[in-house]
2 protein chains.
Amino acid sequence: MVKLATVRNLHHQVIQELGRLIVSGELAIGQNLPREEVLAERMNVSRTALREAMKVLSAKGLIESRQKTGTRVREEMYWNQLDADVLAWRCESMPTDAFVEKLVEMRELIEPAAAAAAAKRRTPDQLAQIEAAYLAMEAAEDLDAWAIADLAFHEAVLRATNNELMSSLFSVIESALGTYFVLSARNSANFKNALPQHHKVYEAIRRRQPEVARQGMMKMVADSRSNLRRQRTR
Amino acid sequence: MVKLATVRNLHHQVIQELGRLIVSGELAIGQNLPREEVLAERMNVSRTALREAMKVLSAKGLIESRQKTGTRVREEMYWNQLDADVLAWRCESMPTDAFVEKLVEMRELIEPAAAAAAAKRRTPDQLAQIEAAYLAMEAAEDLDAWAIADLAFHEAVLRATNNELMSSLFSVIESALGTYFVLSARNSANFKNALPQHHKVYEAIRRRQPEVARQGMMKMVADSRSNLRRQRTR
DNA sequence: CGCCTCCTATTTGTATGACAAATTCCATGC
DNA sequence: GCATGGAATTTGTCATACAAATAGGAGGCG
């Protein structure tokens, strides 16, 4: 029996709790945290566990510790904004449209470029994976199957760029967006509307036409954007 | 007297050392590290310090610890590729052109989009900062002053997007590229060649013309790319 | 022989207490 | 007023002990 990610270790809980407090602003920037000993007692953990958590938060750029001075919350400009945890904490504490806009903007930035890069550099094997995802979308009977295949399609394209920086950025942004929306379009009836557009992108990547792929993908994400908006505003 | 970042704390050294070993591949993926007790002794630190380092590496996605099983190096796909440390370790261990290409690709992806976004959303204050940087470039007497002002220009544009995800991505990529090249063009003689192009971008942002700004920035980074290449190949 | 159950050995996770190191801040002397 | 030399405080490191999880084997049972 597989145990699904439940409550993890103690220091992990501390990371989450403090991280949330900081990103949400409940711990003001520049403010000093209590002494380790005090904070540990207040959170009902040992100083050891607390420190392990603090080191991680420090690595994420959220806090900074110095002897005698203590530990204080760093300015926002030092935070690792692209860290998955930091991003997740922001999503929790910033339910505003403004932040969603930023995420969407990033997505619209990545994907067309990725399609173009994929058209240039995809291997035959990677093309096959894209095709497989496309065929799965075509064959999808219900919305869930389609959504899964859709995500696979985008992931396959991203991997085909052979640029792990790009695909890593994609997965970070995508999972953050996922906290706001259940994947892709939910206006159920004819969910296969986007299929022709996917085919265009696939064809462009197959024929190694970077610009065509870019334009096609640009249109695709633009469409998906308006879907998101419709879903959200009602 | 300000002390510049020297050798930091012990656990920090451990982070660096293990991180390098992993990213460079000297510790093979999937391989188990020695037991904490053994590893600690081998590195001449206490188990406490070692563990603080391991938690950080774990947060960066490089390793994974489980009781009884031990700690092993995770697959590359789980690494936080956009983490500043991970990127820096890659730069050290991958002197190949291939990785530089990926970084440059990311840069060419970000900056035009940033210029467009800045044209849409810059505040008067942010525009003033861009202008100030431009004027500093114009006034630069030597190459160093120009390089500093140039970086300030790009940073100001990035900040003017009002999208901290984008500016964070920029700074990460830029600092990674900085490990390969001393900022910008080094073909000294007439380093102000790029000035008109900067002016075009500035004007487009001032006049709120996103597409013009995008095109202008696209050309600018393309030029700077060929500069980089020339500098590198000789 | 095959399968299930339980136990034990091993490894990370947490707790505690003590001391080292850095550095702010004050007192002291000149 | 200013240097200078301590404390006092806070994080950094160490050593040790025990808790918790769990892989892997021993043993029982059909």
Side-chain angles (χ1 to χ4, degrees), chain A residues 1-19 21-22 27-28 30-74 78 85, chain B residues 1-19 21-22 27-28 30-74 78 85:
Chain A
M1 183 175 60
V2 179
K3 191 199 295 182
L4 42 150
T6 86
V7 196
R8 304 249 279 227
N9 293 328
L10 250 187
H11 67 264
H12 194 266
Q13 292 178 41
V14 177
I15 292 172
Q16 296 296 319
E17 196 170 332
L18 285 179
L21 285 175
I22 292 171
L27 287 172
Q31 184 181 345
N32 263 270
L33 303 185
R35 295 200 346 254
E36 290 183 347
E37 202 180 345
V38 176
L39 189 54
E41 190 182 21
R42 194 174 300 174
M43 304 187 79
N44 289 307
V45 296
S46 71
R47 212 187 134 203
T48 313
L50 176 70
R51 275 182 61 81
E52 288 178 359
M54 305 255 281
K55 290 302 142 194
V56 172
L57 292 173
S58 170
K60 293 185 192 299
L62 297 187
I63 60 178
E64 187 181 33
S65 300
R66 286 169 55 180
Q67 290 174 181
K68 172 70 183 181
T69 312
T71 303
R72 62 175 182 173
V73 180
R74 296 185 78 185
Y78 295 110
D85 286 327
Chain B
M1 183 175 60
V2 180
K3 192 198 295 181
L4 43 151
T6 86
V7 196
R8 304 249 280 232
N9 293 329
L10 250 188
H11 67 263
H12 194 265
Q13 291 179 40
V14 177
I15 293 173
Q16 296 296 319
E17 196 170 333
L18 286 179
L21 286 175
I22 292 172
L27 286 173
Q31 183 181 345
N32 264 269
L33 303 185
R35 295 201 346 253
E36 291 182 345
E37 202 179 345
V38 176
L39 189 54
E41 189 182 21
R42 194 174 301 175
M43 305 188 79
N44 288 307
V45 295
S46 70
R47 210 188 134 202
T48 313
L50 176 71
R51 276 182 60 82
E52 288 177 0
M54 304 255 280
K55 289 303 141 195
V56 172
L57 292 174
S58 170
K60 293 185 192 300
L62 297 187
I63 60 178
E64 188 180 33
S65 299
R66 286 169 56 180
Q67 290 175 182
K68 171 72 183 183
T69 312
T71 302
R72 62 176 182 173
V73 180
R74 296 186 78 185
Y78 294 110
D85 287 327

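Residue numbering restarts at 1 for every chain, and letters A, B, ... go by the order of the sequence lines.
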Exercise for the section: Tell me whether the OP1 or OP2 atom of C:dT14 has a side-chain N or O from A:His11 closer than 4.0 Å. Expected result: yes

Completion exercise
Value for OG1 (B:Thr71) from CD1 (B:Ile63), rounded to nearest 0.5 Å, stands at 5.5 Å

Handout entry: Rounded distance [0.5 Å steps], CD in B:Glu64 versus CG in B:Asn32
Key = 10.5 Å

Problem - Atom pair distance, as rounded to whole Å: CZ in A:Arg8 and P in C:dT14 - result: 12 Å

Exercise for the section: Round to the nearest Å and state the distance from B:Glu36 atom CD to C:dT14 atom C1'. Expected result: 12 Å

Problem - Distance, rounded to the nearest Å, where A:Ile15 contributes CD1 and C:dG13 contributes P - result: 11 Å

Problem - Point-to-point distance, once rounded to the nearest 0.5 Å, from CD of A:Gln13 to CE of A:Met43 - result: 9.0 Å

Handout entry: Interatomic spacing from CD in B:Gln16 to CG in B:Asp85 - rounded to 0.5 Å
Key = 5.5 Å

Exercise for the section: Let me know the distance between CG of B:Asn9 and P of C:dA21, rounded to the nearest Å. Expected result: 13 Å

Practice task
Specify the separation, in whole Å, of atom NE2 of B:His12 and atom P of C:dA21.
Solution key: 20 Å

Please list, pair by pair, any protein nitrogen or oxygen found under 3.5 Å from a nitrogen or oxygen in nucleotides 8-10 of chain C.
| residue | atom | partner | partner atom | Å |
| --- | --- | --- | --- | --- |
| C:dT10 | O4' | B:Lys68 | NZ | 3.4 |

Problem - Spacing of A:Thr48 atom OG1 and B:Glu52 atom CD [to the nearest 0.5 Å] - result: 8.5 Å

Exercise for the section: Answer yes when A:Arg47 and A:Glu37 have at least one side-chain N-carboxylate O distance shorter than 4.0 Å, and no when they do not. Expected result: no

Practice task
Take the protein atom CZ of B:Arg51 and the nucleotide atom C1' of C:dT14, then report the distance between them rounded to whole Å.
Solution key: 8 Å

Handout entry: Closest approach of B:Val56 to A:Lys55 (non-hydrogen atoms, all atoms of both residues)
Key = CG2-O, 3.7 Å

Exercise for the section: Indicate whether OP1 or OP2 belonging to C:dA22 is found under 4.0 Å from a side-chain N or O atom of A:Arg66. Expected result: no

Problem - Separation of D:dT13 C1' from A:Lys55 NZ (nearest whole Å) - result: 11 Å

Problem - Whether A:Glu17 side chain and A:Val14 backbone form a donor-acceptor pair below 3.5 Å - result: no

List, with names and distances, any nitrogen or oxygen atoms from the protein found under 3.5 Å away from nitrogen or oxygen atoms belonging to nucleotides 14-18 of chain D.
| residue | atom | partner | partner atom | Å |
| --- | --- | --- | --- | --- |
| D:dC14 | OP2 | B:Ser46 | N | 2.8 |
| D:dC14 | OP2 | B:Ser46 | OG | 2.9 |

Exercise for the section: Measure the distance from CD on A:Glu37 to P on D:dT9 and round it to the nearest whole Å. Expected result: 13 Å

Handout entry: The single option from A:Leu18, A:Leu10, A:Leu33 passing side-chain contact (heavy atoms from CB on, under 4.5 Å) against A:Leu50
Key = A:Leu18

